[in-house]
Structure formats: structure tokens, C-alpha cells
Amino acid sequence: MLDRLTITNYALIEHLEFVPGEGLSIITGETGAGKSVMLGALALLKGERADLKVIADKSRKAVVEASFRSLDPATRSRIQADDPEWDGDELILRREILPSGRSRGFINDSPATIGQLEEATRGLLDIHSQNSNTLLSEPRTQLALIDSVARNEELLAEYTEEFRNYVTIRQRITRLREEAARNREQAEIIAYRFGQLDKLRPKAGELKRIENRFETLSNSEDLRDSLVKALRALGGSDSNGALEQIEDARTALADVDFTIWEEQDPEVLERLRQCVVEIKDIVETIEDAVGMTECDPSTLAALSQRMNAYYAALKAFRVETDEELERLYAQVRAQYESIENGDSGTEELERDARKSAAVLKGLAADLSGRRREAAASLQKDIEEEARKLGLSNLRFEIGISDAKLSRSGGDAVEFRAAFNKNAVPAPVGDMASGGEMARLMLAIKKITASYLSLPTIIFDEIDTGVSGHIADRMGEMMMEMGKRMQILTITHLPQVAVKGARHFKVYKEDRDDRTVSDVMLLTESQREEEIGRMLAGEVVDDAALSNARSLLKKKS
């Protein structure tokens, strides 16, 4: 529910703090006192367009901030999806209009787009003005209402998930077919590119290895001379090399006891043995290298041919490395195979799509059946409630017809009403506002607010065009609604005003430089006087006060 509303530098309001409390709160005041200004400020938090004209002092920004508590699980889930660190206790929405004309939105002090503000307040705050029946005239809201009455939450979630799966499959099929169509348009080019690359079959890193091998074999004579010279010096298969001399040294030192020299290392023989092992290993490595440097003209020619083929491909396909060539080869091969296989790549996806569509149709049928049953019950309840408000000839219909499967199912819904005998029911969204329409909307909202989990509803003179006992019944209905949710009602009717748990008055005050609006919570005596004014006009006499006390006492 709305816990606190703060407005600063907005139109007639210099600074206002409004704490409505639970249940039904009444807001009254003279015409032009600023009641509509408060609603306009609240509408900004719902994503309404900001107007630079509302800034009173053009040297500073206008600010509207509201805090909400006791949020329903769906709203908490939506907010926490964008702000996981939020504790879910208090939601703070703020809108700022800067002197430059730019506006900014905030959710829990974090910057937010207008769309995010609108999403945050969806299902949180409903403002019903005299000229607006938007909430219950929108097909999406009407359908949501029926689903709530039908308790379709789990079934709708299952349907939505399957619909998402079906759409994903169809999108994949579309992409594959579009890609195949593009490939067919370029079939000759793709076939040529594939033929060139398939002949080369490039592999990442191969070109560098070829280049190194080619350079080695091109200089094989000089390399072989160096290797052979090293073998002779070490010993290898020849005598009198380093290897044989180290062996001679080991033999000469075999009987020498090195421990007689305390400062000398006694492991001389072992170290010499290790030298022999290491040199033998080096000799074997060099001998292998000698064998690899034997220059075979045919090998050198093959390497040159492969290397030049790579160079030609790099130039032809305008890439710089063999890694890029390998990736290009894989891409072109996939395109070529797509052309060769036609639509065979989508056959399995088509089977999956048919299975998903069958499941969707079954779930949609279940949803539709439950919706039609709930609509019949809801239609009857709304008519009964509306008759309490004097709409004895009301015919209210909820039309549900088949529609193309969408994210919400396969149904189109429309609320229709007729107030006079023999009149043809018309769509609620097309009907002009008036006393009858206001009463119907109040009846609908009384029945549906709890289903839609609307914690706060604001009625802006919904009682316009009614009086007497009908006004009294409307007040009683709002008071009853206030037992389950927070209701704020702007009214000019004393029969409605006496029904509130609290009574606020919006008033204007003339100051030296300007006129400002503010709001005050009335005491019991102030409330009696305000009700008396609503009954009698500007001059509140004893009779008016007595009548006001009687109305308040009757309410209690």
C-alpha cells in the first residue's frame, strides 16, 4: 500500500507530505484547491509524461516521491529481478523534473527508465479518474482478471513456458530457412569457395610448421656440416672424441680415494659417469638431426607447393592467418552442405514444433474452458453488485472468443455493458464516463480488486453524477473495500466523505509571493465542520453541523 507521498516544487505545491494510512481515506477540498495536482504527481510515478510547466520555481527541480509497504509477492518478484539486493520491505519510487525539461526516474534510489517505473507500479497503484476507465477496459487487464478468478496461475505459467519453447523453435526454423535461401542465391560462389578450400583443407598452425621445415631443408648442407663437426668433437662413432676421453679419465681415477683430501668432492667418478650419459644423449639427438637434414628434392618441392597454396588462399580470401582460413573453411562447408541438403536440416525442428504446438493447443483449450466458466460467474457477481448501486437494468457481458495463440493463450476477451432495457451491450472501453459508468466501474473494482491483488485504488470523484441513497451506497461499498485494501477517494459528496477512516482536506493558502496548496488530516471537530460545509456551502450553521454529526454517527 501507499505509505507516504512527498511532493516538492510541483505546480501549486511547494512541499507536501501525505500519509494516507490503511483502509478508506477521504480527500476533499474546494474546486481548484489542488486535489488533481496530487493525482497528477502520482501519475508521474506510473510513467506519465512529464511537463516542464509543472515546475513552480524554475530555478530548481520538481520532485515526486512515494514509498510503498506490504507489497504482494508478484510486485516484490518484479522489483527484485532488477535489484537482487533489495530487501523487499519498502519500495521507494521517485520522479524528478529538471529545469532543463529533462525528467529522471528512480527505483530505490537507483536510476530507472519510464518503462521500469510503469512496470513497477503495475498491479501496485490504480488511479481511477472521471475520464479514465483504462484499467478495466484493456483486454490484457480483463484477461488477467478472469485468470485470477479462475485461479489459472499454474496452468498459465505452464502454457507460457510451452509458448516460449514453441516460439524459440519456430525462430530457429525461420533462421535456418532464411540462411538456406541466402545460400541458394549465392550457390555458385559458395560452391567455388568450397571447392578451393576443400582442396586445401587448411589447418591452424600448419603453415608455420611448413615454413620452418622448408627453411631447414633449404639450408641442409650447412646445417649438416655443423652437425657432423659437432659429432666428431663429441666422439659419436669416431674415436678420440670427448666421450672417449671422459671414459679414459674415469678409468684413470678408478682407484683414487678422494676422501684423503678433506676439501675435495668425493663424488668425482659419479659426476664423470653422469657426463657420459648426458653426452651420449646429446650425440643421439644430433645424429637424429643429421638424418632429418638429408635434403630430398621431392620433399622440398612438396613443401614449397603446399606453402604456396596457402599463400594463394590467404590472398584470395583476404585473410591473414591459417587459423582464419580454417574457420572460413568450416563456415563455407556448412553453407555448401545446407545447399546440398535443402530443408533437411529443419525436419527435426519441424517435428519438435508440431509436438509443441499440440501441447500448446491442449493447454490453451484447458485455459479457455476455465476462463469461460469463471467469466460466467464473474458476470453474474458484477451485475448483482451493480444493482446495489441502482443499476437495476444493467446487462453486463464478458465475451470470450477464439483468437490466434499468443503468449496469453487462445482467447480474446471483451467487457460489454448496457444500462437501459433493450439496449445492445457496448464495449466498456468505448463508453463515455458518467454516473452510470462510474457506478459500474465501482462495482467491477469491488469484485475484482482482491483478485488482481491491487493494494491501493484511488477514486477521483467516481461518485460524480450520483446523489442521495445511491451516493450513500457507493460510500458503503468503498468502505467495505477498505477492509481488504487501501482506498483513497476524492469526493464532493458528504454521504461518501463520512465513510472514511480518515479525512484529509486539500486547501490553498495565499502567501506574499504566491498561492500554494497543502493537505491536512482533519480532527474530529474539523471533520464535522468540513462535512457541514459540503452540506450547506460556505456558511456552516448549527443545522449543518448537527446534520454532519448525525451522518458521522450513523457511519460509526
Side-chain angles (χ1 to χ4, degrees), residues 72-79 81 115 118-124 126 133-175 349-383 395-417 425-431 440-441 443-454:
D72 65 284
T75 300
R76 283 200 301 270
S77 177
R78 287 200 305 270
I79 302 301
E118 186 178 7
E119 181 68 14
T121 54
R122 181 171 59 85
L124 181 65
D126 174 26
N133 299 318
T134 54
L135 180 72
L136 289 175
S137 64
E138 293 177 353
R140 182 180 68 172
T141 304
Q142 294 174 356
L143 195 59
L145 166 60
I146 294 171
D147 280 329
S148 298
V149 174
R151 300 287 190 258
N152 278 341
E153 291 82 3
E154 292 185 6
L155 180 58
L156 186 59
E158 184 180 356
Y159 172 89
T160 302
E161 181 62 30
E162 189 60 45
F163 183 81
R164 187 180 297 113
N165 177 55
Y166 175 78
V167 169
T168 300
I169 295 172
R170 295 306 313 178
Q171 288 174 340
R172 289 177 61 192
I173 291 173
T174 299
R175 284 196 299 269
L349 287 175
E350 287 286 3
R351 286 194 294 271
D352 292 342
R354 287 192 292 271
K355 291 179 182 177
S356 180
V359 173
L360 264 185
K361 289 178 181 177
L363 293 172
D366 292 343
L367 275 173
S368 185
R370 295 174 65 162
R371 284 168 173 169
R372 292 171 191 273
E373 183 178 346
S377 174
L378 180 61
Q379 180 176 297
K380 180 181 178 182
D381 291 342
I382 289 174
E383 284 186 345
R395 286 175 58 202
F396 184 76
E397 298 178 354
I398 299 178
I400 297 181
S401 57
D402 294 336
K404 182 180 178 180
L405 291 184
S406 66
R407 187 176 298 276
S408 58
D411 299 305
V413 63
E414 184 177 62
F415 285 9
R416 298 186 292 266
V428 169
D430 296 340
M431 302 181 76
L440 172 60
M441 297 307 294
I444 291 175
K445 292 197 175 185
K446 179 180 182 295
I447 295 292
T448 62
S450 57
Y451 287 114
L452 289 176
S453 300
L454 288 172

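Taking all atoms of both residues into account, the shortest heavy-atom contact from Ala150 to Ala374 is CB-CB, 3.6 Å. Of all heavy-atom pairs between Gly410 and Tyr159, the closest is N-OH, 4.5 Å. What you find for Pro139 and Val413 is that their closest heavy atoms are O-CG1, 3.5 Å. When all heavy atoms of Gln142 and Phe415 are compared, the pair lying nearest together is OE1-N, 3.3 Å. Scanning all heavy atoms of the two residues, the minimum distance from Leu156 to Ser408 falls at CD1-O, 4.0 Å.
Scored by the side chain to side chain contact (heavy atoms under 4.5 Å, CB included) test, Asp366 finds Leu155 as partners (sequence neighbours excluded). By the side chain to side chain contact (heavy atoms under 4.5 Å, CB included) test, Arg354 pairs with Glu350, Arg351, sequence neighbours left out. Qualifying side chain to side chain contact (heavy atoms under 4.5 Å, CB included) partners for Gln379, counting only residues two or more places apart in sequence or in other chains: Phe396, Glu397, Ile398. Looking at residues two or more places apart in sequence or on another chain, you find a salt bridge (charged side-chain N to carboxylate O under 4.0 Å, His left out) between Glu414 and Arg416. In this view, Glu373 satisfies the side chain to side chain contact (heavy atoms under 4.5 Å, CB included) rule with no residue, not counting sequence neighbours. Judged as a side chain to side chain donor-acceptor pair (under 3.5 Å), and not counting sequence neighbours, the contacts of Asp411 are Ser368, Arg371.
Residues Glu158 and Glu161 form no side-chain contact, since every pair of their non-hydrogen atoms from C-beta on lies 4.5 Å or further apart. Leu440 is listed as a side-chain neighbour of Ile382, based on a closest heavy-atom distance under 4.5 Å. Side chains of Leu145 and Thr141 form no contact here, defined as non-hydrogen atoms less than 4.5 Å apart. Using a 4.5 Å cut-off on side-chain heavy atoms (C-beta onward), Val149 and Ile447 make no contact.
The CD atom of Gln171 sits 12.0 Å away from the CG atom of Leu349 when rounded to the nearest 0.5 Å. Considering CD of Glu154 and CG of Asn152, their distance stands at 10.5 Å, rounded to 0.5 Å. To the nearest 0.5 Å, atom CG of residue Asp352 and atom OG1 of residue Thr168 are 12.0 Å apart. To the nearest 0.5 Å, atom CG of residue Leu124 and atom CD1 of residue Ile79 are 8.0 Å apart. Between Ser377 atom OG and Ile146 atom CD1 the span is 11.0 Å, to the nearest 0.5 Å.
Ion pairing between Asp147 and Arg370 fails under the 4.0 Å rule for side-chain N and carboxylate O. Between Glu383 and Lys380 no salt bridge is recorded (no basic side-chain N to carboxylate O distance below 4.0 Å).
Surrounding CZ of Arg372 are more than 12 heavy atoms belonging to other residues, nucleotides or ligands, all under 6.0 Å away.
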